[in-house]
Amino acid sequence: MATEEQKKKNLLKVFNIAMYGMVNGLWDLFGESSFATINSIGDKILAALEQDAGLEIAGENPEDILMEVVRLLVDEVGTMSGGDVIMDGNKVKIACQECFLRQATGWLEAEGVQPFACVPMNISAAAMRKRLGTRHRVIGRSWDEATQTCTIEFELK
């Protein structure tokens, strides 16, 4: 019988496979139009965190809001081990270390599929839209294998 630690690892692997399959299937059906789900996914996750878990993302600017997203995802949810926010004019980056979906994201990107169901990306987008009324677009993502860090870049409009 599996230990509790083995069960957690197995559950994480199954979850990554399930997310990979769903995202890949939607991408096959809708292509880049799949990005239209970002708002819905992010809004629902953000609402669940705020209502069910009593968590609140607050701030006056994108950097403060995204730092709070990072803090919540690391300290309260545990979906990543650490993170940083980097502002550069109207561009903002959120660096996610050891994200729990990094395996699925890697599989998707290896096949040329954009991982539009990325939890940090969706929550960040929802929080900026809801708290600041800011329009934005995802510019890109980069992966650093050595540090196990995925960096998501937004352009604020």
Side-chain angles (χ1 to χ4, degrees), residues 1-30 34-59 62-87 92-131 136 138-154:
M1 187 160 163
T3 66
E4 289 304 311
E5 188 63 30
Q6 289 169 324
K7 287 180 189 177
K8 287 179 185 178
K9 286 181 181 179
N10 291 339
L11 178 61
L12 184 58
K13 184 173 183 171
V14 168
F15 189 67
N16 269 270
I17 292 168
M19 286 300 294
Y20 163 76
M22 286 187 285
V23 169
N24 200 1
L26 285 171
W27 189 264
D28 286 346
L29 286 171
F30 303 112
S34 302
F35 273 101
T37 64
I38 288 174
N39 290 349
S40 178
I41 294 168
D43 289 345
K44 288 185 180 6
I45 295 171
L46 183 61
L49 289 174
E50 291 181 334
Q51 292 170 6
D52 300 342
L55 304 173
E56 184 177 346
I57 295 174
E63 187 172 20
D64 291 344
I65 287 174
L66 293 178
M67 284 305 298
E68 185 63 9
V69 169
V70 167
R71 188 195 72 74
L72 291 175
L73 292 178
V74 172
D75 296 340
E76 304 293 338
V77 182
T79 58
M80 55 193 207
S81 67
D84 273 318
V85 175
I86 303 121
M87 292 291 302
V92 61
K93 295 178 183 179
I94 180 170
C96 308
Q97 293 139 6
E98 298 180 332
C99 182
F100 78 121
L101 288 178
R102 67 187 180 273
Q103 196 171 26
T105 299
W107 296 331
L108 291 164
E109 289 181 334
E111 293 184 19
V113 176
Q114 294 297 317
F116 57 87
C118 166
V119 172
M121 178 179 69
N122 294 333
I123 294 174
S124 296
M128 285 190 296
R129 192 174 54 255
K130 189 172 182 181
R131 298 294 179 253
H136 59 275
V138 177
I139 296 174
R141 302 164 48 88
S142 61
W143 173 250
D144 183 334
E145 183 69 31
T147 62
Q148 293 287 295
T149 301
C150 177
T151 301
I152 307 155
E153 186 173 3
F154 295 96

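Every heavy atom of this structure was used, including side-chain atoms; hydrogens, water molecules and symmetry mates were not.
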Problem set entry | Closest contact, heavy atoms only, I57 versus A127 |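 Closest approach of I57 to A127, heavy atoms only: CG2-CB, 4.0 Å.
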Exercise. For V69 and S124, which heavy atoms make the closest approach, and how far apart are they?
Worked result: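 In this case the closest contact between V69 and S124 is CG1-OG, 3.7 Å.
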Do the side chain of [X] and the main chain of [Y] share a donor and acceptor less than 3.5 angstrom apart?
X    : Y    : value
T79  : V77  : no
D144 : T149 : no
R102 : C150 : no

Problem set entry | Qualifying residues under side chain to side chain contact (heavy atoms under 4.5 Å, CB included), relative to V113, sequence neighbours excluded |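 Testing V113 for side chain to side chain contact (heavy atoms under 4.5 Å, CB included), a comparison that skips the adjacent residues, returns V23, N24, W27, L108, E111.
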Exercise. Looking at residues at least two apart in the chain, or sitting in another chain, which of them share a side chain to side chain contact (heavy atoms under 4.5 Å, CB included) with K7?
Worked result: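 Here the qualifying residues are M1, A2, E4.
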Do [X] and [Y] come within less than 4.5 Å of each other through their side chains, counting heavy atoms only?
X    : Y    : answer
L12  : N16  : yes
L66  : M128 : yes
I123 : L49  : yes
I17  : K13  : yes
E68  : R131 : no

For this session: Kindly determine whether V85 and V92 satisfy side chain to side chain contact (heavy atoms under 4.5 Å, CB included), including the steps that lead there.
Result: CA-CA 7 Å; V85 175; V92 61; 3.9 Å; yes
For this session: Working to the nearest 0.5 Å, report the span between CE of M80 and CG of L73.
Result: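 Nearest 0.5 Å value for the CE-CG distance: 5.0 Å.
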Under 3.5 Å, sequence neighbours excluded: what are the donor-acceptor pairs made by side chains of residues 35-43?
{"residue": "T37", "atom": "OG1", "partner": "S34", "partner atom": "O", "Å": "2.8"}
{"residue": "N39", "atom": "OD1", "partner": "R129", "partner atom": "NH1", "Å": "2.8"}
{"residue": "D43", "atom": "OD1", "partner": "R129", "partner atom": "NH2", "Å": "2.5"}
{"residue": "D43", "atom": "OD2", "partner": "R129", "partner atom": "NH2", "Å": "3.4"}

Show me, pair by pair, the donor-acceptor contacts under 3.5 angstrom made by side chains of residues 114-121, not counting sequence neighbours?
none

Show me, pair by pair, the donor-acceptor contacts under 3.5 angstrom made by side chains of residues 93-101, not counting sequence neighbours?
{"residue": "Q97", "atom": "OE1", "partner": "G83", "partner atom": "N", "Å": "3.3"}
{"residue": "E98", "atom": "OE1", "partner": "S81", "partner atom": "OG", "Å": "2.9"}

Exercise. Sequence neighbours excluded, which residues qualify as side-chain hydrogen bond (donor to acceptor under 3.5 Å, both in side chains) partners of K44?
Worked result: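 Not a single residue meets the side-chain hydrogen bond (donor to acceptor under 3.5 Å, both in side chains) criterion with K44.
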